[in-house]
Amino acid sequence: MKKLKHLSFILIAGLLALGLFSPNVYAKGHTVMIGFTGPLSGPAAQYGRDNVNGLEMGIQDINAAGGITVGGKNYKFALKTYDDHIDPTAAVNNARRLRSRDGARFIFNPVFNTIAPMMQINQQKGSEFLMMAYTSAPEVDAMKNPNTIAIPPPFSVYVGSYVKYALEKGWKKCAMVVTLGAYGDGWRKEFESAWIKAGGEIVADQPANYYTETDFSAQLSAALAKKPDFMLIGGPSATTGLVIEQARNLGFKGEFFMVDQAKLNYIAEVNFNNDLTKMNGVTGTARPRDLAEEEVIEPFLKRCLKDYGRSATSENLLNYGAIRILAAAMEKAGTVEDITAIKAAIPEVLPMDAKINLLPFIDLWGSRFILPGTIQKIENGQYTVPTTTFWWTKSDADFKKAVSSIPDIGNTNVNVPLEGYAK
Amino acid sequence: MLKLEQVYTDIGELHIIHNVSLNIQKGEFVTLLGSNGAGKTTLFRTIAGVLKPAFGTVEFNGIAIDKLPVHKIVDLGIVLCPQGRQLFPELSVKKNLVMGAFSLRGQKSKIKKNLDRVYEHFPILKERSNQLAGTFSGGEQQMLAIGRALMSEPSMLLLDEPSMGLAPLIVKQIADVISNINHEMDTTIFLSEQNANMALNITERGYVLESGKCVLEGLCKDLKNDENVKRAYIGA
Amino acid sequence: MELFLQQLFNGIMFGSTYAIVALGLTLVMGILHIPNFAHGHLYMLGGYITYFFITNLGFGYWYSLLLSMVILGFVGVVMERIVFRPLTGQPPINAFIAAIGALIFLESLALVIWGPQGMRIPNPHPQIIKMFGITMEAQRLLVVGGAAVLIVLLHLFLKKTTTGTTIEAVAQNREGAMLTGINVNRVSSMTFFISSATAAVAASFLSPIFILSPAMGAVLGMKAFIIVILGGMGSVPGAILGGYFLGLIEALGGGYISAEYKDVFAFGALILVLSIKPTGLFGKQEG
Amino acid sequence: MFTKPIHTKLLLGFLFIAALFLPLYVPDSYMFQIVITSLLFAIATSSMNLILGYTGQASLAHGAFFGVGAYVVAIMTKAGWSFWIALPVSGLVATGIGFFIGLFAFRTRGHFFAIVTLCFGVILFQVAENWIEVTGGQNGIFGLDSATPIPFPFFGPIEFSSQPAQYYLVLAVLLLTLFVLHRVVYSIFGLTFMAIRNNEELADALGINTFATKMVSFAIANFIAAIAGGIYATILGAVSPSAISIMITFNFLIFLILGGMATLPGAVIGAFMIPIIMEFLQFMENYRMLFFGALLVVVIIWFPMGFFGGLKTINQKIIAWRQSNTSEDSNA
């Protein structure tokens, strides 16, 4: 016992010393350091990993293509990730560490709660960094932080698509069992007002905590008692799959709309073992596959499956695209340090060759990338063609340009300038 | 049978027992006198193995027991019937007794026999065998505690102040039963008491403990006439 | 009416799980006075072990459940031995910290071994049963029935066998139990074994309907802890009734009043009970 | 070792000077950030020490009061109030909520008290998560301005947006907290706290109004916790439900126990040591929490009194050894 005690002391001391003196291999040489802080443990860990995976693949490809050349020097990219388990204090610490120790001027974070405090410090003189925010919460745009880029489209894009689809079907009664929290609340509010404006009716609103709970029969029973035509559900994918399963088991025959956090293909894989017949009548935001041309996207999907054992999510795809765009903008701006110049150079490098960043259409508007919003349904055990693609471009000319940039798969294209985004 | 040599016991930072040596033969009926706080309970707990001596040895039938865990000591045949009784308040009387025979587990007929014998000594326990122990009065609890201690057929019984807080009539009753146990069952008994009157009348030999030290030992008839004992414990 | 019955069934289903998880915890807390906050994480580990046998080794559901019980039982024994036993005699708050350490360890272990992705055990009883106008999955009925059987078995074990009675004896009077020759350490180990094994059963029952993730134990652990206090620490009937009570409050409160504040009802009820009876429903006076 | 009072005074003086000039030699903004948050947590942990360490009541709602403070400051400064008004108000609000909770919770003791306060903590967390109109729900309240500048004649206003300014603000509050706690703990009142910790029935029998005494200790602890939370809000510039979650309580608890309960320096040491160890362990990535969990168990088994408690024991042994040496000397 005594010996064990000494041994464990030495072990602990040794490990601590290792942490103290471990050399910082990345900070030297011509390296562009990309930082990431986000949930890598706890209930949202998978989501954090999905983001990291996209960045990792992007960086591999940039380096495989020989890195970037700025000012005659060749730079390779490197990624440093820290876990913040969605704790704002830890996120700020990580951001400070990434900026001052690892020299990262581009820090990715996929959770609004931790993005907000990071946006408080990303303009401090001498330690500026570009906040790469992977969040569809519109609040980020309202903060008007110049050193921020929000990556995915705001969820308002999808609300319009769902309302249009439901009207076409002639439905009236909607029940909502959406995840608790600001994101879910935003969705509920946005959808409710749009649906009522379109003449529909919300018969039940039973939010539930998708992060901590696994049984939704209480909420579902209450919602189904009102005999809705369709339901708006969703939160993290795996739990959303449970909600579908439990609602079907309670006898619900109608259709589901899912908020954009839940991914059709992920649910099919984890919850239903890829048996799509169990997901008939589920409509969600489009799979990565439908955002780009097949020849471009297929290899990427295969690679995700091979490298990470999971099918690709839009987190993979969009983070991959974002990092490639950043790299191009650095070359364009001729600097790897001046984040203002780099951000300003982004619109100049867009649109990029889809073979490089995978995204056929992407633009930067203020602090957010503009991406089309597309919804897709599973019917007769198969994915159908996405019905409508929603655009929120600045002008008709941009809209036409955007539509022409993507493959024609027989869907409708609509341009809807979003509230708060249109100038 | 039981032999203590230069036993010292500490509780926390306090030194409670100092250099106690004693020797008890098989079949004897011995008392340990001492006032409140003299260390009687600590000494008993040390013998039973609940406390471990800081120094010194405790031997039982030639086996050193001062480092053994309590349950091994019980298996060897020493059972402490503790002060404050330490019953299982939410188990029935019968279950309390059966637990007392834990070291005989598996030997059903023996347990049955012992149970009958305890019921014989304390008929009231039989009457109330399904009642919860926690609902008993003090005297009844004491009987149950003694009964439980007897269930494992100990060769040596340590009785820690069985008369404490009980009415004189009940004390007499208990004293009779204890004497019976010693005579009929040939159980060696070591009894600690503040009530020297009762103890000296039923036992054969005694030790006197003061501030953790053994200050006097001798036959009861001699102790009864000792001036110090008289003054301190009999109150005559 | 149908809705009410449906909610009632949901409440009972969840109450069953709570009851068996809390039952395991109350045994440990009653006997060792250890606030084993890591109990929910043992439950989580039980789910993963079952998953491992079914998915990786291809065992049948019931075999896997049994194996999971035994293995998790031993995990509990090891935990008692290396985490809690060395803390005997220290203030309970230290054991509490150790329990937090243990739960962090277990959750990270699951994360390292199985990764953060949610995992699923194929549902062995996917049939749908309709009765009295309510729909239920067979597996859910199994949870209700299985929990009842387990509770009865445990009750019989505690009340009718000598070994079971030693657990009660140690809980009621540790020193008294020692003096009757009971090996208290062995009883502690055994209690941890039973406690962990029941957690494994609960996890194996539920994981086919739900999703396994490393963080799944935290909420259940907290609830079990609260049920144990609500029912009175160490009280077996308290844990069972408390479990069903909490399940029903959640289902009915969540279904009829407000889903957002579902947990508030549960925790509020506990506060109310404790402010009326400070030692819990079936709690003894502190002594 | 610091076995003589003069040694302790020298050490404290040295620490004080080192703290005053810290911004001059702190290596980078990352280390600085950790120092600032550690100081902040030291304030909250010290106040937890009062209710848990000195009064013996394991309040598991402590993190919730920290969160209440953070929310009150966030809401009030968002509504246009000065930070310097919002901060004391946050303390008063927490004290008020604490009083209400105390009415229920102090009917119970021991484990039961811990659980009742835990429940209240969870309820406050849920309110923060769901009362969207006021708390902003899960997103919380963000984009807060840093503490209102103090107008200062001749030098111009003191601003609190830079790290050094935030550091001095937190340092000043910590020193004030320690001063107040020192006065409380070593007063007659402090003795009644410890009397309750050691034996509540006995304290009752001695004529101490245990309910009122516990309530006072609870109120002071909650007030200080809320102040710490309020400063946290202004430094981070954003408040979300994680500031009021049960994990915050657990963290404080871990800091306190590992630092050394019922000692004033213990709480501060714990609040510094653990976050810094956690940062050093970052290189372990996925295995970090695994290691930390095991570390927690190991440390609590071998240092049940915490770091400072262990130090004290060693110190006492040294003193005893010296005394025995000197007495032998004088004998010779």
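Lettering follows sequence order; numbering is per chain, from 1. From a predicted model like this one, the values you see are computed outputs, not experimental measurements.
Taken from CE in B/Met99 to CG in C/Leu179, the straight-line distance is 14.0 Å, to the nearest 0.5 Å. The structure places CG of B/Leu80 at 11.0 Å from OG1 of C/Thr180, a figure rounded to the nearest 0.5 Å.
Heavy-atom pairs under 4.5 Å with chain B were tallied for C/Arg174, C/Glu175, C/Arg186; the largest tally goes to C/Glu175. Between chain C and the residues B/Val50, B/Leu91, B/Ile78, the most heavy-atom pairs under 4.5 angstrom are made by B/Leu91. The choice from B/Gln86, B/Lys95, B/Lys72 that makes the most heavy-atom pairs within less than 4.5 Å of chain C is B/Gln86.
More than 12 non-hydrogen atoms from other residues, nucleotides or ligands lie less than 6.0 angstrom from NZ of B/Lys113. Counted within 6.0 Å of CG on B/Asp116, heavy atoms from surrounding residues, nucleotides or ligands total more than 12; the atom is thus considered enclosed. Counted within 6.0 Å of CZ on C/Phe74, heavy atoms from surrounding residues, nucleotides or ligands total 12 or fewer; the atom is thus considered open. More than 12 heavy atoms of other residues, nucleotides or ligands shown are found within 6.0 angstrom of CZ on C/Phe157. The number of heavy-atom neighbours closer than 6.0 Å to NZ of B/Lys112, taken from other residues, nucleotides and ligands shown, is 12 or below.
Contact annotation for residues 128-165 of chain B against chain C (heavy-atom separation below 4.5 Å, listed by residue number): B/Arg148. Residue-level contacts of residues 40-48 of chain B with chain C, in order of numbering, are B/Arg45, B/Ala48; threshold 4.5 Å between heavy atoms. Contacts with chain B (heavy atom to heavy atom, under 4.5 Å) involve no residue of residues 12-26 of chain C.
Pairing each heavy atom of B/Glu90 with each of C/Gln172, the nearest pair is N-OE1, 2.8 Å. Annotation for B/Val74 and C/Met178: closest pair CG2-O, 4.0 Å, computed over non-hydrogen atoms. Annotation for B/His71 and C/Gly181: closest pair CB-O, 3.2 Å, computed over non-hydrogen atoms.
For residues 157-169 of chain C, every residue pair satisfying the side-chain hydrogen bond (donor to acceptor under 3.5 Å, both in side chains) rule, not counting sequence neighbours, is listed here: C/Lys159-C/Glu168.
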Inset, instruction - Show your reasoning for whether side-chain contact (heavy atoms from CB on, under 4.5 Å) applies to B/Leu87 and C/Asn173. - result: CA-CA 7 Å; B/Leu87 298 172; C/Asn173 194 324; 5.7 Å; no

